[in-house]
Amino acid sequence: QVQLVESGGGLVQAGGSLRLSCVASGNIFSINAMGWYRQAPGKQREVVATITSGGQTNYTESVKGRFTISRDNAKNTVFLQMNSLKPEDTAVYYCNADASSWDDSVGAFVDMDYWGKGTLVTVSS
């Protein structure tokens, strides 16, 4: 099993910055893609940014030029630097990881999608 723990959320004024972090722990064999998703009140969860183990990144159009995703493979950590924040960025931000870990119940490595519990980002106008 793999656990993801996010941190770094909070309240910030429009135009401000926040840096989110997510640490993966557990019986990790490897982590492939990692990413950040968000869910605003009354809306569906949407992808914000993703990064492969090789460092290739993708961003949703609304955050391009303002957000930067990065990762430290040695520490199983992914970051999201958020600049020029807007009120519409207000949401719960979730960390996601596609990881392989040892599963005792099947006696093999299993590749699964894992989610953190989320961290709230509130941007005031």
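All residue numbers in this chain count up from 1 along the given sequence. Given the structure is predicted, the values throughout are model-derived calculations rather than measurements.
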Task: Asn83 side chain to Gly16 backbone, donor-acceptor under 3.5 Å - done: no
Task: Partner residues of Thr68 under the side chain to side chain contact (heavy atoms under 4.5 Å, CB included) criterion, sequence neighbours left out - done: Tyr59, Gln81
TODO: May I ask you to decide if the ring planes of Phe67 and Tyr93 are parallel, tilted or perpendicular, using 30° and 60° as cut-offs?
DONE: tilted
Task: From CD (Glu88) to OG (Ser62), nearest 0.5 Å - done: 8.5 Å
- [ ] Check whether Val121 and Val48 end up in the same hydrophobic cluster, where Ile, Leu, Val, Met, Phe, Trp and Tyr are linked by side-chain heavy atoms less than 4.5 Å apart.
- [x] yes
Open item on the list: Tell me the closest heavy-atom pair linking Ala99 and Ile31, and the distance in Å.
Closed with: CB-CG1, 4.0 Å
- [ ] State, to 0.1 Å, how close Ser125 and Ala14 come at their nearest heavy-atom pair, and which atoms those are.
- [x] CA-CB, 4.4 Å
Task: Residue pair Asp111 / Ser100, side-chain donor-acceptor N/O under 3.5 Å - done: yes
Open item on the list: Testing the basics here: between Ser17 and Ser84, what is the closest heavy-atom pair and its distance to 0.1 Å?
Closed with: OG-N, 4.4 Å
Open item on the list: Would you compute the distance between atom CD of Gln1 and atom CG of Asp104 and round it to the nearest 0.5 angstrom?
Closed with: 9.5 Å
- [ ] Report the distance from atom CG of Asn96 to atom SG of Cys22, rounding to the nearest 0.5 Å.
- [x] 9.0 Å
Open item on the list: Would you say that Cys95 contacts Trp36 through its side chain, given a criterion of any heavy-atom pair below 4.5 Å between the two side chains?
Closed with: yes
Task: Rounded distance (nearest 0.5 Å) linking atom CG of Leu20 with atom CG of Leu80 - done: 5.0 Å
Task: Closest non-hydrogen atom pair between Arg71 and Asn32, with its separation - done: NH1-O, 2.6 Å
Open item on the list: Can you tell me how the ring of Phe109 sits relative to the ring of Phe29, calling it parallel under 30°, perpendicular over 60° and tilted otherwise?
Closed with: tilted
TODO: Have a look at Val23 and tell me which of Asp72, Leu4, Thr77 forms a side-chain contact (heavy atoms from CB on, under 4.5 Å) with it.
DONE: Thr77
- [ ] Flag the pair Glu46 / Arg38 as yes when at least one side-chain heavy-atom distance between them is below 4.5 Å, and no otherwise.
- [x] yes
Open item on the list: Please tell me whether Ile28 and Ile51 are part of a single hydrophobic cluster in this structure, the criterion being side-chain heavy atoms less than 4.5 Å apart.
Closed with: yes
Open item on the list: Check this for me, if you would: do Lys117 and Glu6 make a salt bridge, where the nitrogen-to-carboxylate-oxygen distance has to be below 4.0 angstrom?
Closed with: no
- [ ] Locate the shortest heavy-atom distance separating Leu85 from Arg66; write the atom from each residue and the value.
- [x] CA-NH1, 3.9 Å
Open item on the list: Quick check: is Val5 connected to Tyr114 through a chain of hydrophobic side chains (ILVMFWY, heavy atoms under 4.5 Å apart)?
Closed with: no
Task: Over all atoms of both residues, closest heavy-atom pair of Leu11 and Ser124 - done: CD1-CB, 4.4 Å
Open item on the list: Are Val47 and Trp115 connected into the same hydrophobic cluster when the rule is that any two of I, L, V, M, F, W, Y join if their side-chain heavy atoms are below 4.5 Å apart?
Closed with: yes
Task: Same apolar cluster (I L V M F W Y, side chains within < 4.5 Å links), Val92/Val123 - done: no
Open item on the list: Going by salt bridge (Lys or Arg N to Asp or Glu O under 4.0 Å), name the residues that satisfy it together with Arg19, two or more places apart in sequence or in a different chain.
Closed with: none
